[in-house]
Undergrad: 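My structure is below; once you've seen it, I'll send some questions.
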Amino acid sequence: MRRLSELVALAWALGTIVTTRAALGQEAPPEPPPVAPPKEPDAISAPPPSPKAPEKKDAPVAPPKAPAAKTASPPPPAAKKPPVPALPPKGYIPGSRRSVGLGLSPFAPSGPTLPGGATIPFSVPAEESSEFTFKFSGFMSAALRLSVDERERATPRQFETTLLAPPQTPDLYGAVRGTNAPLGSWVELRFDYGNANVKAVVKLSTWKPSAGETWRETTSQNFLNEAFLLFTAPVTADLTLNWTVGVFRNAYGSLGQYGAGQYNAAIVGSPFGVGETLSAKYKLSSSLSLFAEHGVMGRFSKVPLGGGPNVYDHDANPSRPSAFVHHAHVGLGIEGDVPFVFGLHYLSNFAQDERDQIDDPKTPFLDEGLRPDPQMTVLGADVRMINNHLGNFAIAASYADATYAHLLTGMNYYGADTGELLTKRLLGQAGGGTGKLLIAGFEYNFSWSKFLWHPTAFWGEGPDLITSVFANVGTVLESRDPSFDGRTLYKLGAEATYRFFSWLALSGRYDYVSPNSKDREESFHVISPKLVFRSNWNSHEHVTLSYTRWFYGAHSRGEAPNDYTREELDNQMLALTFGMWW
């Protein structure tokens, strides 16, 4: 019995030792020396070093005491990885547009579209808080542009080659014959103060920086161009109201991601002045939203009797009445990886002013002494796909019914910021700007890297090929001016920009302009290669060297207010353009 009890005790001790060592994950050898942990990026740990042989001891090692009976413990869990920060939406470039809505907000700058989206505008939506903060932002772009020509009869003291600045070309910002192939100038300084609920915004702007000009063109200095308050009220979890009050402008039917598009003309219309716009967004589901917008705009005053006009201040004319714009819009927005916006628009530009009804001798077709009440109604629709891996796409169309539009102010329609320009360019002066128009346009910009990287996000930090196609078409459905009645115009273009270095991009553009279907000899072609320099892939600046060449038809000419004849037009332009936003 004694021998049996000793055997049982020995067996129990050996079983306890084996169980304890198994629970500790070790065999009999002692603990190895400490090993440095693997580096953070390594996904697989290095294998443990081979165990050393046990050191010889003079006395046998006493067996460990038996622990209390317990179940075997599972191996310790692997160390938790640090949380991965949330990534921006697919295709997001720092500062790019993240939300959808009807038209462009008054926050959008009025600067020119840059080749291949080489940079993006300022005024990016930022996270707002309840604390009042001040923000200064801006955009500047200026261009040295000169034309190259030859003298017909050069003297011994003259060069045959001539350099002229500024060039005389048909290219005007937003004009029917304009293409924006040569970049222009725009400077805008913006000051914001507010919080998530209310914000005050003031803008200073000009399209001709004074020191770069040979004389002061007063109409180019917009000074306090816009000043408005923006109220944001989340009424419920699904309903948000935004109320903009002050002096500002809106744009509807814009074809670009951040602006009016490659041809710088909003297809539906852009009311501006002093007034208000109330916008509502109601979330029907997690990805579908209903938008509604309504506003009234006007001007502070009209030109007093005896003031203006002159050849450069074409907007100053006391015979013009004070005008107003009433506009309403409704649409649907689909959010997600491929966001869409569908919009329907109504705008009415009108005047009912009996003051200073004096006849303007420059308009023999219209007696302002018996001035009629002018009005123009615009109905429009647009579809926009906000920039994603499939590109940025927009298509828009509008129908305008005008009566004596020559007298209207307060709304930009297809690049004409006054009714006088609209009349001279599209409706014809013989009828005082009475007629009906149909305007349509589309634009598609596509980033090949963003598409090929999808579903991995491409943020612009690498080579990219950006291609664009765009077109505008318009028809004068009816006009009291026989030379304009039934006229059709169109222009189309394509651009490719290859960003092969972080500091250099190569861009090329082609446009074809047909401004008058009744005289095909007015049509012309434009080509414009460019070199774009930047400090980094997504930096906020550019320096562009460009060459633009016009191939005119026999009857090509300029456009109001620059009515150059065929003989006066320059056909070549060299330009050095710089720009930056912050």
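Both backbone and side-chain heavy atoms feed into the values below; hydrogens, waters and symmetry mates do not. What you are looking at is a predicted structure, and each value in this text was computed from that prediction instead of being measured.
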Undergrad: Report yes if some heavy atom in the side chain of T277 is under 4.5 Å from a heavy atom in the side chain of N250; otherwise report no.
TA: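 Of all side-chain heavy-atom pairs linking N250 with T277, at least one is under 4.5 Å.
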Undergrad: Closest heavy-atom contact between P321 and A351?
TA: CG-CB, 3.7 Å
Undergrad: Strictly distance-based, threshold 3.5 Å: is any side-chain N or O of S205 a donor or acceptor partner for the main-chain N or O of V187?
TA: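 No, the answer is negative, given that no donor and acceptor are paired below the 3.5 Å cut-off.
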Undergrad: Check the pair S348 / M376 against side chain to side chain contact (heavy atoms under 4.5 Å, CB included), numbers first and verdict last.
TA: CA-CA 6 Å; S348 178; M376 183 169 72; over 6 Å; no
Undergrad: Tell me the closest heavy-atom pair linking L477 and Y399, and the distance in Å.
TA: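 In this case the closest contact between L477 and Y399 is CD1-CE1, 3.8 Å.
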Undergrad: T232 and N197: side chain to side chain contact (heavy atoms under 4.5 Å, CB included), yes or no, with the steps?
TA: CA-CA 5 Å; T232 301; N197 302 115; 5.7 Å; no
Undergrad: Could you check whether any side-chain heavy atom of E443 comes within less than 4.5 Å of a side-chain heavy atom of S254, counting everything from C-beta outward?
TA: no
Undergrad: Distance-only, no hydrogens or angles: does the S141 side chain make a donor-acceptor pair with backbone N or O of W186 under 3.5 Å?
TA: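 Not confirmed, S141 side chain does not pair with W186 backbone.
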Undergrad: If I take atom CZ from residue R177 and atom OG from residue S523, how far apart are they, to the nearest 0.5 angstrom?
TA: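 Going from the CZ atom of R177 to the OG atom of S523 covers 9.0 Å.
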Undergrad: Hey, are the side chains of E226 and L204 touching, using non-hydrogen atoms and a 4.5 Å cut-off?
TA: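 No, every pair of side-chain atoms sits at 4.5 Å or beyond.
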Undergrad: Please say whether the positively charged group of K491, taken as NZ for Lys or CZ for Arg, lies over the ring of Y263, i.e. under 6.0 angstrom from the six-membered ring centre and within 45 degrees of the axis.
TA: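 Cation-pi check for K491 and Y263: passes.
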Undergrad: Check salt bridge (Lys or Arg N to Asp or Glu O under 4.0 Å) between D171 and all other residues, then give those that pass, not counting sequence neighbours.
TA: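 Salt bridge (Lys or Arg N to Asp or Glu O under 4.0 Å) list for D171, sorted by chain: empty.
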Undergrad: Is any NZ, NE, NH1 or NH2 atom of the basic residue among R384 and D382 found under 4.0 Å from an Asp or Glu carboxylate oxygen of the other?
TA: yes
Undergrad: Salt-bridged, K281 to E335, with N to O below 4.0 Å?
TA: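 So K281 pairs with E335 through a salt bridge.
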Undergrad: Do the side chain of Q375 and the main chain of A402 share a donor and acceptor less than 3.5 angstrom apart?
TA: no
Undergrad: Quick check for you: to the nearest 0.5 Å, what is the distance between F484 atom CZ and T423 atom OG1?
TA: 9.5 Å
Undergrad: Which heavy atom of G391 sits nearest to which heavy atom of M385, and what is that distance?
TA: O-CE, 3.3 Å
Undergrad: State whether K424 and E559 are salt-bridged, where the test is any N-O pair (Lys NZ or Arg NE/NH1/NH2 against Asp/Glu carboxylate O) under 4.0 Å.
TA: no
Undergrad: Tell me, do L347 and V268 make a side-chain contact under 4.5 Å, heavy atoms counted?
TA: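 Yes, side chains in contact.
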Undergrad: Taking the six-membered ring where the residue is Trp, are the ring centres of F442 and F470 under 6.0 Å apart?
TA: no
Undergrad: Over 60° means perpendicular and under 30° means parallel, so tell me whether Y444 and F446 are parallel, tilted or perpendicular.
TA: tilted
Undergrad: Kindly determine whether T169 and M573 satisfy side chain to side chain contact (heavy atoms under 4.5 Å, CB included), including the steps that lead there.
TA: CA-CA 9 Å; T169 74; M573 178 191 293; 4.1 Å; yes
Undergrad: Any donor-acceptor pair under 3.5 Å linking the side chain of N264 with the backbone of G174?
TA: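 Side chain of N264 to backbone of G174: no pair is present.
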Undergrad: Ring of Y404, cation from R480 - is the NZ or CZ under 6.0 Å from the centre and inside 45° of the axis?
TA: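 Ring-cation test returns yes.
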Undergrad: Quick one: which of V378, D401, T475, V476 gives a side chain to side chain contact (heavy atoms under 4.5 Å, CB included) with L437?
TA: V476
Undergrad: Spell out, as yes or no, whether a donor-acceptor pair under 3.5 Å connects the side chain of N388 to the backbone of I386.
TA: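 Yes, because the side chain of N388 sits within donor-acceptor range (under 3.5 Å) of the backbone of I386.
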Undergrad: Look only at the side chain of T179 and the backbone of A181, and say whether a donor-acceptor pair between them is shorter than 3.5 Å.
TA: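 Checking the backbone N and O of A181 against the side chain of T179, a donor-acceptor pair under 3.5 Å is found.
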Undergrad: I need the F272 CZ to N412 CG distance, nearest 0.5 Å.
TA: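 Interatomic distance, F272 CZ to N412 CG, rounded to 0.5 Å: 6.5 Å.
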Undergrad: Has S517 got a side-chain atom pairing as donor or acceptor with T488's backbone, closer than 3.5 angstrom?
TA: yes
Undergrad: Please report the shortest heavy-atom distance between D511 and R509, naming the atom on each side.
TA: OD1-NE, 2.7 Å
Undergrad: Among residues at least two apart in sequence or on other chains, which ones pass salt bridge (Lys or Arg N to Asp or Glu O under 4.0 Å) with R145?
TA: none
Undergrad: I want to check something: taking the side chain as every heavy atom from C-beta on, are S322 and T409 in contact at a cut-off of under 4.5 Å?
TA: no
Undergrad: Show me the donor-acceptor pairs within less than 3.5 Å that the side chains of residues 289-298 make with the rest of the protein, sequence neighbours left out.
TA:
{"residue": "E293", "atom": "OE1", "partner": "S279", "partner atom": "OG", "Å": "2.9"}
{"residue": "E293", "atom": "OE2", "partner": "Y252", "partner atom": "OH", "Å": "2.4"}
{"residue": "H294", "atom": "NE2", "partner": "H326", "partner atom": "NE2", "Å": "2.9"}

Undergrad: Between F191 and F136, is the ring centre distance below 6.0 Å?
TA: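 Ring centres of F136 and F191 closer than 6.0 Å.
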Undergrad: Going through the distances and angles, do T240 and Y282 end up as a side-chain hydrogen bond (donor to acceptor under 3.5 Å, both in side chains)?
TA: CA-CA 7 Å; T240 302; Y282 182 75; over 6 Å; no
Undergrad: For residues W581 and H542, determine if any side-chain heavy atom of one lies less than 4.5 Å from a side-chain heavy atom of the other.
TA: no
Undergrad: Taking atom CD of E188 and atom CZ of F139, what is their separation to the nearest 0.5 Å?
TA: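 Answer rounded to 0.5 Å: 9.0 Å.
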Undergrad: Could you check if a side-chain atom of L427 sits within less than 4.5 angstrom of a side-chain atom of D481, using non-hydrogen atoms only?
TA: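 They are not in side-chain contact.
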Undergrad: Less than 4.5 Å apart, any side-chain heavy atom of L229 and any of T244?
TA: no
Undergrad: CG/L489 to CD1/I439 distance, rounded to the nearest 0.5 angstrom?
TA: 5.5 Å
Undergrad: Main chain of F324, side chain of N349: is a donor-acceptor contact present, judged purely on distance under 3.5 Å?
TA: yes
Undergrad: Quick check: does any side chain N or O of D563 sit under 3.5 Å from a backbone N or O of G558, one acting as donor and the other as acceptor?
TA: no
Undergrad: For the CD atom of E478 and the CG atom of D485, what is their distance to the nearest 0.5 Å?
TA: 7.0 Å
Undergrad: Step by step, work out the side chain to side chain contact (heavy atoms under 4.5 Å, CB included) result for V526 and T548.
TA: CA-CA 7 Å; V526 189; T548 308; 3.6 Å; yes
